[in-house]
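To find a chain, count down the sequence lines: A is the first, B the second, and so on, and within it residues start at 1. Computation of the quantities below employed the complete heavy-atom set of this structure, encompassing side-chain atoms and omitting hydrogens, waters and symmetry-equivalent molecules.
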Amino acid sequence: MPMTDEEKSKVIKMLDKLDDSSREKAISSFDSFVKWLSNALYNIYCKIKDALKSLWETICNIFK
Amino acid sequence: MFSSLFKNKATSSIRFVIGLNQVDKISPNGWDNRLNMPTEKGEEDIQKRSEDIINKLIKLTKISENNIEYYSALKRYRLYQLLVKIISNAYAGFKLDNINPADPFDLADPEVKKFVEEERKKRENKNDKINATKETLINGIKKFLSDEEINLFLDTFDKEKKLPPKIAILGKSGVGKTTTINSLFNAQFKTSHTIVGTTSAQMKEFTLSSGGVITIVDLPGYGRSIEEDKEYDKIYKEIIPKCDLIFMVLQADTRDIADDQEMIEKIIEWLKLSPVPER
């Protein structure tokens, strides 16, 4: 049975949600990496904390 | 979007996620099987009921909403959202970022699946962008370190990457622990053997569709009797400090969470005593 326009619209909305979640997954991964670094190599984390912020901004721009 | 990242030291988070499973059963006639997604009314009911339980759990146990997610493993609904919570809260959770949960549209009708495939082809470039950012971060870090520090960083990073993520899963019988693991990690059960002395905790390795393995520690259920719970507490105390994440599965349509509440409070206390996993 062919899909109705309403069904197509619903599926597209769901795909948008999945895309958003996929982006959130990448963001949470970076967050997790920074948390790990601060636990595993605290001295290095302190040294590059400011640089990480800057890198993060670069990454944010990629997502825009 | 990233405002919370640099505010708190990492140890302030807790390696614990509570999943409210089987939300597809919340609303009678609230599931569209052809599309394999909730109807509009169904989604409203799911969200309302799930938020009620989440608020109740937060009020009773002081756990954060960042540690709770609702989903349906059987219908593959909101698995990405659950994975995000797991990556965020697990120790070195970034090791799980190459995982893509089982596709909900594989369970939809064939014409729906075909339409999804066509739509996805139009969206392919977006994912390449996400993967590129990981390289940007690692390469960027190297610029700010001495050779010695780079070697230390890479050595520690590689060692961590080689350790299979270890996740302890617990929940009462029938809540869908195995379905969750298979759907969430798109994984297949590999081996099973008892490893913790005379206890009934089992360590299982699952092969991931994205490569590598994940170690799942299946903890014994709780809430059957006071005697059993006391015995199981010993197992939990032994295993929980060694795991990268504790994942508790609850049934979303459950009304009685007294046993769960007690267990959640205990787990939070044990994890506070071991802010990073024992290796």
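Separation of atoms CG (B:L83) and OG (A:S21) is listed at 9.5 Å; rounding is to 0.5 Å. Here A:S32 contributes atom OG and B:K95 contributes atom NZ; the two are 9.5 Å apart, rounded to the nearest 0.5 Å. In this structure, OG in A:S28 is found 8.0 Å from CG in B:D97, a value given to the nearest 0.5 Å. Taking CD1 from A:I48 and NZ from B:K142, the interatomic distance works out to 12.0 Å, rounded to the nearest 0.5 Å. One finds the CG atom of B:D103 at 7.5 Å from the CG atom of A:L18 (value rounded to the nearest 0.5 Å).
More than 12 heavy atoms of other residues, nucleotides or ligands lie within 6.0 Å of CG in B:D158, so this atom counts as buried by the packing criterion. Around the CD atom of B:E118, the shell of radius 6.0 Å holds more than 12 heavy atoms that belong to other residues, nucleotides or ligands. Environment of CD in B:E278: crowded, with over 12 heavy atoms of neighbouring residues, nucleotides or ligands closer than 6.0 Å. Within 6.0 Å of CG on B:D106 lie more than 12 heavy atoms contributed by other residues, nucleotides or ligands. The local environment of CD in B:E111 is crowded, with over 12 non-hydrogen atoms from other residues, nucleotides or ligands closer than 6.0 Å.
The two residues A:K25 and B:I99 make their nearest non-hydrogen contact at NZ-O, 2.6 Å. Closest approach of A:W36 and B:F157 over heavy atoms only: CH2-CA, 3.6 Å. Taking each heavy atom of A:K35 and B:S13 in turn, the nearest pair found is NZ-OG, 3.8 Å.
Side-chain contact between A:D16 and B:R123: present, with at least one pair of heavy atoms (C-beta onward) separated by less than 4.5 Å. Looking only at side-chain heavy atoms (C-beta outward), B:F115 and A:I12 come within less than 4.5 Å of each other. Between B:V112 and A:E7 the shortest side-chain heavy-atom distance does not fall below 4.5 Å. Within the 4.5 Å cutoff, side-chain heavy atoms of A:V11 are placed close to those of B:M37.
Only the side chain of B:E43 comes within less than 4.5 Å of a heavy atom in chain A; its backbone stays farther off. For B:R34, the part lying under 4.5 angstrom from a heavy atom of chain A is the side chain only. A:L41 touches chain B through its side chain: at least one heavy atom from C-beta onward sits under 4.5 Å away, while N, CA, C and O do not. Both the backbone and the side chain of B:L152 have a heavy atom closer than 4.5 Å to some heavy atom of chain A. In this structure, chain A has heavy atoms under 4.5 Å from both the backbone and the side chain of B:I141. Residue A:L37 touches chain B through its side chain alone, counting heavy-atom pairs closer than 4.5 Å. Residue B:A108: no heavy atom, backbone or side chain, is found under 4.5 Å from chain A. For B:I87, the parts lying near chain A are the backbone and the side chain together; criterion is any non-hydrogen pair under 4.5 Å.
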Worksheet item: Should B:F144 and A:K47 be marked as a side chain to side chain contact (heavy atoms under 4.5 Å, CB included) after you check the CA-CA gap, both sets of side-chain angles, and the distance that decides it?
Response: CA-CA 8 Å; B:F144 298 95; A:K47 190 171 178 178; over 6 Å; no
Discussion item. With side chain to side chain contact (heavy atoms under 4.5 Å, CB included) as the criterion, how do A:K8 and B:E119 come out once you've worked through the C-alpha distance, each side chain's angles and the decisive distance to 0.1 Å?
Written reply: CA-CA 10 Å; A:K8 283 181 182 176; B:E119 279 298 311; over 6 Å; no
Practice prompt. Please assess B:F105 against A:M14 for the test side chain to side chain contact (heavy atoms under 4.5 Å, CB included), listing each intermediate value before the final yes or no.
Written response: CA-CA 10 Å; B:F105 290 111; A:M14 182 57 92; 3.6 Å; yes
